[in-house]
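Structure record follows, encoded as structure tokens.
A, B, ... follow the sequence lines: proteins, then strands. Residue 1 opens every chain. Side chains included, hydrogens not; waters and symmetry mates left out as well; all remaining heavy atoms used. No experiment lies behind these values; they were computed from the predicted model shown.
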Amino acid sequence: MRLTSLLPTLARRGRILLALGGLALLTGCNLDFWTMKGHQSTIAVDGPVAKSQLDVFLVTCWVTLVIFLIVGSVLAYATYKFRARSEADEQAVPPEQGHGNPLIELGLIGASVLALVIIAVPTLKSITYTHDVPVEEKANAYEVNALAYQWWFKFEYPAEPIAGSGQLVSANELVIPAGRPVHINLRGMDVIHSFWVPKLAGKVDMIPNRGNFLWLKADAPGYYWGQCAEYCGDSHAVMRFRVIALGPKDFNNWLNAQTSPAREVAKVASTGQPKAQFAAYRSDWKRNEAGWSAQFELNPFESWKAHQEPDPKHEDAALIAQGRALFQSKTCFTCHVVRGHMVGGSGAYPDLTHVGARTTIAGGLLENNAAQLARWISHPDVVKPGNKMYVNGYLANNIKLTPDDVSALVAYLSSLK
Amino acid sequence: MEATAKSHFTGKEEHAPAKPSFAFWRPTAKTGLMSWLTTVDHKKIGFLYGSFALFFFLVGGCEALLIRLQLIVPNNTLLTAPQYNTMFTMHGTTMIFLAVMPLGAAFFNFIMPLQIGARDVAFPRLNAFSLWTFVAGAIILNVGWFLPDGAPDAGWFGYAPLTSKLYNPTHATDFWILGLQLLGVASIAAALNFIVTIINLRAPGMTMMRLPVFTWMTLITSFLIILSFPAITIALVEVMFDRQFGTNFFEVSNGGMPILWQHLFWIFGHPEVYILILPAMGIVSEILPTFARKPLFGYPIVVFSGASIGFLGFTVWSHHMFTTGMGTVATAAFSLATMTIAVPTGVKIFNWIGTLWGGHLKMRTPMMFALGFIWMFMIGGFSGVMHSAAPADAQQQDSYFVVAHFHYVLIGGSIFALLGGIHYWFPLMFGRRVSEFWGKLSFWVIFIGFNVTFFPMHFLGLNGMPRRTFTYDGNMGWNVGNMIATIGALILGTGIAIYFAVIIYTYLKGEKAGRDTWDARTLEWSVPTNPPPEYNFAVIPTVHARDAFWYEKHHQSEIEQEKAAQHQAEAAHGGIHMPFQSIYPLVASIGALIGAFGAIYHNLIVALIGGSLLFIGIYLWSLEGAEGYHLHPDEDGHDDAPAPKH
Amino acid sequence: MTSHAANGAIDHHHDHTTSTGIPNKKLLMWAFLASDCMFFGTLISTHLIYRLHPPPGNPVPRQIFDIPLTSFSTFILLMSSLMMALAVNAIQKGNLKSMRFSLLATIVCGAIFLGCQVFEFNNFVFEKHMTITNSILGTTFFTLTGTHGTHVAIGVLWLGLMYVRSFKPATGGQPWTTTLLHVVALVAAVLLSMKVVLSVIWALEAHGLSGATLGGVVGAQWLAIVGTVIAIGAERWFARPAGPVQFDQSNAIDVESMGLYWHFVDIVWIVIFTAVYLLEYL
Amino acid sequence: MSDSAHSPATAGHVAEESKFAAYVQIAMLLAVITGVEIAVIGLPFATWLLVTVLVVLSVVKFMFVIFYFMHLRWDKLFCTILFFIGLILAGGTMWALLKLFGAEASVPLSVAVNTVADLSRLV
Ligand code: HEA
Ligand code: HEA
Ligand code: CUA
Ligand SMILES: [Cu+2]
């Protein structure tokens, strides 16, 4: 980045910033940030692996807290008790020039070692436990592969073969069976990334040329936030993903839906609905807009379930057909797979066969709704700095979309449940 | 090779000055630009190191402020993603390599020779070379701000393969590689010099176990530098070859393993963090006894624990890699090894408290910083211990919890101690002292601002906020913590601004300080004038005890006689020998700078010019010899001594 | 800190022995070598790590290495260490002539070693098709041995400078250009003769021993041959005996520190020879 | 300021000669060890044995060079300590690195996978 390019940016944005800062202050901060109940909390956890890690953390926390209190009080006392209270005090005859006391030293060293042993024991236990699926549960474990690309995740289900195209593949949303251990093979496909779903398990890096893995288990069905946790270039911050844990029945239903080819929308006449208008056609779409809606935030898991169901009432079959044609003519299919609809695509780009059934797009950055979809395909560069759809696709293939194209593509993509 | 010391031990006599042809032109300016560029005086070099370091501290601080301003609210757009990534990369690199390390080097240079009763370091011209090579490295590292390619943006530990040509095609990463390479050369050269100085140039009677603790920590830090920097040198050579010549060290398609970079980097990187903290611990170990008016509690144990921290520092590097899937055995081993470091570190804390116990604590500004150091470093150390438990770290690694940890040890630790050290030695360095009121005020503002900034980051990290993210969404529960942290950073910035204002004011107009302002204990305060004369000691002191100066003050008559005798002996032998200034270290460093540019831009001719300049500089520097002139001050540094009057 | 008699012969600093009695330069050199241990340690580790896991398609070292040649250069480097030790020994006794001879012998050994390495690299690249870019073995092997070779080359240069310095006249008078020219002559002599010898070897390998082969070499390399003769002549001229010089026992420490460096480069090779070459044959 | 004309004392001469002889003998010994090393690799013994022999032999060479040619033997002990700090740390680091990379967890995918399909995923 160039210094000269920074200065105007600063000047331009300074005012917005001040306004924003003031606003946030005024709206009143609720100072409960220390409860740490966020979507990516490592404290309010939902799985045995994260729990084991949390327990170790709490041990370290208590041990050091106790030491801190003891050492701190002695230090505070010494500072208070022995401070010179007056000028005269400072000039007084120097105190006894003592040089130390080996017994005290040894005692304290012993105490420190003891404290460390208290930490070390659970640490060692947890290292073994969190490393891999416990032997007794091995048979029950579900296997998936997670592959990281700049800046999105690909998930493979080796246990779900699909005739003709290998195995079930999805992007950015990992669906797992709840209550079962899941063994995830981690692969970095370009640079180093890291797989982190704080509520379920600590992170493990996805390093090129290295066969890493982790295991986790979700205690109950739920919707979990994940994030790439190793700096991997421009859009590292927005390389996110989700994990959805489902009960056995739901999981099987989901698998059935996913393993089938992309959904065909019955050819019916236009419902005559007015075409959606998207503010997102313009590139000056406000970038500091949240990627999610309040409704979604209210109950993400329900939102995910809702996404699984087709919504024929609001679908415009003609528009969808137009979108499908555009997907081909605008060369989207050269990168993206839509299994059953057209032949094309490559494994190195997100599989869109069931993109409509996901709650998020663009690496977990945006909620998957019409407006955000439009925003993404109109200006991927603005939404996600440097992303490879933009640099490899839009520029190289020179894809230009009119607002109408976008509406059609959005309709098509949303129909891919 | 430095020729200065040649005659030092052989007693060899040079022949009457022959030549001088133009190559051996000896600069003699005592004032003005040339005197600074060609100086070989450890105090001037220390001052320059310190000035550069403080400048870069402000630069790094401004970068930090931009980081914090970007994060003040979710989805902020003050900086773009590439700008932000550049910002934290340069912030980390600048703070570590261009602020804290050289600030440490400034004290090593200025204080250490005085503490051991020496008149300079063992190789004064090598010292100048270190300084100018450091400057060259700093230039290369920062030059990207002014060029189209931009400044480095691969993070301060530049994990391969993000640094490869494929993912980072511009020269930005080359600036980072070559910049660090030059800084490494500078650091190793300086460290070798300090090692020889401390081992070999101690005043009579200054046994190793009488060395001031700061000098001890200088020695240990220097060892850490010479033993850890080679690892990053090799690692940097490997990425450089990958980028420039298409080798395969980290090239996955030909079987390269990017994980190797992480190992090599952290073999350097972990000792590096102790390179940053040990000088700080040394400074604190000087300040506390002075203001408690008591010797350091358990001196031998403090020294020994410093050495064990240094040694253990080489056995724990993989604790930065707990999440790289090393397998249970390696993870457990590094986890335990890391925990053991808490023991020697704890010993230091206990001994500092022991030093306070029963003392007469004079609560002056340096003392405030030292006490602040103990508190803050303790907190930082405890979060370090939390990291060392590998399973816990799996959640903390690369989250703001780590950011909190290392700022507590780096700012609460290193920076607090260094800022305290500046206050402490200011009267010695400049003959003026900082106003207590303003000094304490700046301390409190910094202290509060620091905690407001970084304490919430623990919560942010545990709440899952990843580091190195230019933006975050508003629904994650991170808004308030970030807002507080940013406000804290502004307070902290204000505190630092006050601190600098006070320092600059004092330098220009501050209250004059007498000799031995604080009633201190170590030899640096025994110099005849503040600031010290260029020859440091009119008479090389003879050391009778640890805390040598304290002993002198309490055995005055005895010492006086000894000094007189010593002075006579020295005078009889021709007075104090001072080495000439020299231009060649600067020439060599400029050669290195030019050569680095040639390497970055693949320009063979420029590289060759740079290389030859480097070679010629070194060659002429070894040919010209140290030479020098003589001074004849009296015992107190008066009379015929050209002592700088203030 | 330095004692330095501006005039007169009084040893005027009673305190100029160092605190430990070890000369500063020697201490500096040992500390530097400690540092260099880490330097080569990490580099050799890199090579061995990749030997632990050679990717498929990596060249097989056994099919590439040429143990007889490497053994020869190992032997030569050992001999150079011997000559270096003798040089230090000589100057410590003040025997300048013997020191100069030993230094020259060390330089020659170093040059032969470098020549072998040039030959080896050439052979690997052009005959065995292993380059620094086309395989991980090539990458680590060339980087490691090349870095060692660079150390040797720096050592040879340093030896040359020291050799030249031993002619600095005691009277001063000599302009620095003479010194520089002497260095140039020496370096040119070494480089050019290496070139000639190498081309002879290559020609012999390619065409066998015959008058025509040698004639061909002379034809192709006549410039280098003439240059070699001139350079050696110039070197001899600069080295002609001429009055007292500024070099004696007191310079032993300079030669000794240089020697430490040289021996270190030798022991690094001992490690490389075992770890990189021999272990491949088990 | 001495040229060769300024011949050293006789006593010095004797000392020089004796060291001279020692140096030459050591060099011969080193050469012989090198020869043995080269011979050893052809022997039909267990690999671990050969490795041990090779390592021991090169350590012997190493020690001879540093203690005699580099006269650590005659120098202050401190030089030996100084150098061995570096040597031991470097050796320890190498050992740890090789252990780490030798561990199962560190086998790179480019070696572990054998099918073409899997390989293509890496590139
Ligand atoms: C000045 C620099 C400094 C210092 C001194 C330390 C000190 C320590 N550090 Fe820290 N560390 C960093 C700078 C530093 N660190 C940096 C910069 C990083 C991040 C790099 C990056 O990723 O960018 C880092 C990261 C880091 C990690 C990796 C985190 C991660 O990325 O996942 C770990 C893991 O173990 C760690 C551990 C420790 C430990 C155990 C100590 C110990 O030395 C602390 C010992 C001190 C105490 C424990 C307190 C006092 C002791 C007592 C009062 C005695 C009794 C106490 C007990 C018995 C517990 N540090
Ligand atoms: C010694 C080292 C050091 C020091 C002193 C600091 C100082 C500060 N650091 Fe940083 N920091 C690092 C070393 C250090 N840091 C490292 C190694 C990283 C990791 C980088 C990476 O991930 O690659 C890092 C990363 C880092 C991050 C994480 C970025 C990210 O991961 O996305 C943050 C975020 O808050 C941060 C903040 C700060 C702040 C607010 C200060 C403050 O203390 C700064 C205080 C100074 C000033 C504020 C400027 C001085 C004052 C003026 C110029 C006067 C004018 C100003 C006002 C009046 C307001 N630092
Ligand atoms: Cu992927 Cu960060
Ligand atoms: Cu560390």
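- When the candidates V271(C), I49(C), T70(C) are compared by the number of heavy-atom contacts under 4.5 Å with chain D, I49(C) comes out ahead.
- Neither the backbone nor the side chain of M99(C) has a heavy atom closer than 4.5 Å to any heavy atom of chain D.
- Comparing T47(D), L98(D), L97(D) by heavy-atom pairs within less than 4.5 Å of chain C, the highest count is held by L98(D).
- Environment of CZ in F62(D): crowded, with over 12 heavy atoms of neighbouring residues, nucleotides or ligands closer than 6.0 Å.
- By number of non-hydrogen pairs under 4.5 angstrom with chain D, the leading residue of P68(C), A31(C), G259(C) is A31(C).
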Legend entry - Residues V65(D), F264(C); criterion side chain to side chain contact (heavy atoms under 4.5 Å, CB included); working and verdict: CA-CA 8 Å; V65(D) 175; F264(C) 180 77; over 6 Å; no

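- Looking at every heavy atom in both residues, Y23(D) comes nearest to A85(C) through CE1-O, 3.6 Å.
- Within the 4.5 angstrom heavy-atom criterion, atoms from both the backbone and the side chain of I267(C) approach chain D.
- Here S35(C) contributes atom OG and I85(D) contributes atom CD1; the two are 12.5 Å apart, rounded to the nearest 0.5 Å.
- L57(D) CG to I270(C) CD1: the interatomic distance, rounded to the nearest 0.5 Å, is 11.0 Å.
- Here L82(C) contributes atom CG and Y68(D) contributes atom OH; the two are 15.0 Å apart, rounded to the nearest 0.5 Å.
- Of the listed residues (L52(C), L278(C), T42(C), L279(C)), the greatest number of heavy-atom pairs within a distance under 4.5 Å of chain D belongs to L278(C).
- For the residue pair H53(C) and P108(D), the shortest heavy atom distance occurs at CG-CD, 3.3 Å.
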Legend entry - Chi angles and distances behind the side chain to side chain contact (heavy atoms under 4.5 Å, CB included) call for C79(D), I22(C): CA-CA 8 Å; C79(D) 290; I22(C) 306 167; 3.9 Å; yes

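- To the nearest 0.5 Å, the span separating CZ on F78(D) from OG on S19(C) amounts to 11.0 Å.
- Classification of the W30(C)-F83(D) ring pair by plane angle, with boundaries at 30° and 60°, yields perpendicular.
- Contact record, G41(C) with M94(D): O-CG, 3.4 Å, taken as the closest heavy-atom pair.
- Residue Y281(C) touches chain D through both its backbone and its side chain, counting heavy-atom pairs closer than 4.5 Å.
- Closest non-hydrogen pair, S58(D) versus T274(C), comes out as CB-OG1, 3.3 Å.
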Inset, instruction - Start with the C-alpha gap between L33(C) and M70(D), add the side-chain angles, then the distance that decides, and say whether side chain to side chain contact (heavy atoms under 4.5 Å, CB included) holds. - result: CA-CA 12 Å; L33(C) 295 184; M70(D) 296 163 94; 3.7 Å; yes

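- Interatomic distance, W262(C) CH2 to F69(D) CZ, rounded to the nearest 0.5 Å: 13.5 Å.
- Here the straight-line distance linking atom NZ of K76(D) with atom OG1 of T20(C) works out to 6.5 Å at 0.5 Å rounding.
- The neighbour count for F84(D) CZ, taken as heavy atoms of other residues, nucleotides or ligands under 6.0 Å away, is above 12.
- The parts of L54(D) that come within reach of chain C are both its backbone and its side chain, each placing non-hydrogen atoms under 4.5 angstrom from that chain.
- The number of heavy-atom neighbours closer than 6.0 Å to CH2 of W74(D), taken from other residues, nucleotides and ligands shown, is above 12.
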Legend entry - Evaluation steps, side chain to side chain contact (heavy atoms under 4.5 Å, CB included), between E256(C) and D75(D): CA-CA 12 Å; E256(C) 199 183 335; D75(D) 270 340; 4.2 Å; yes

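- The residue from T34(D), I38(D), L30(D) that alone fulfils the side-chain contact (heavy atoms from CB on, under 4.5 Å) condition with T74(C) is T34(D).
- Nearest heavy atoms, C37(C) versus A90(D): O-CB, 3.4 Å.
- Heavy-atom pairs under 4.5 Å with chain D were tallied for N58(C), D36(C), L260(C); the largest tally goes to L260(C).
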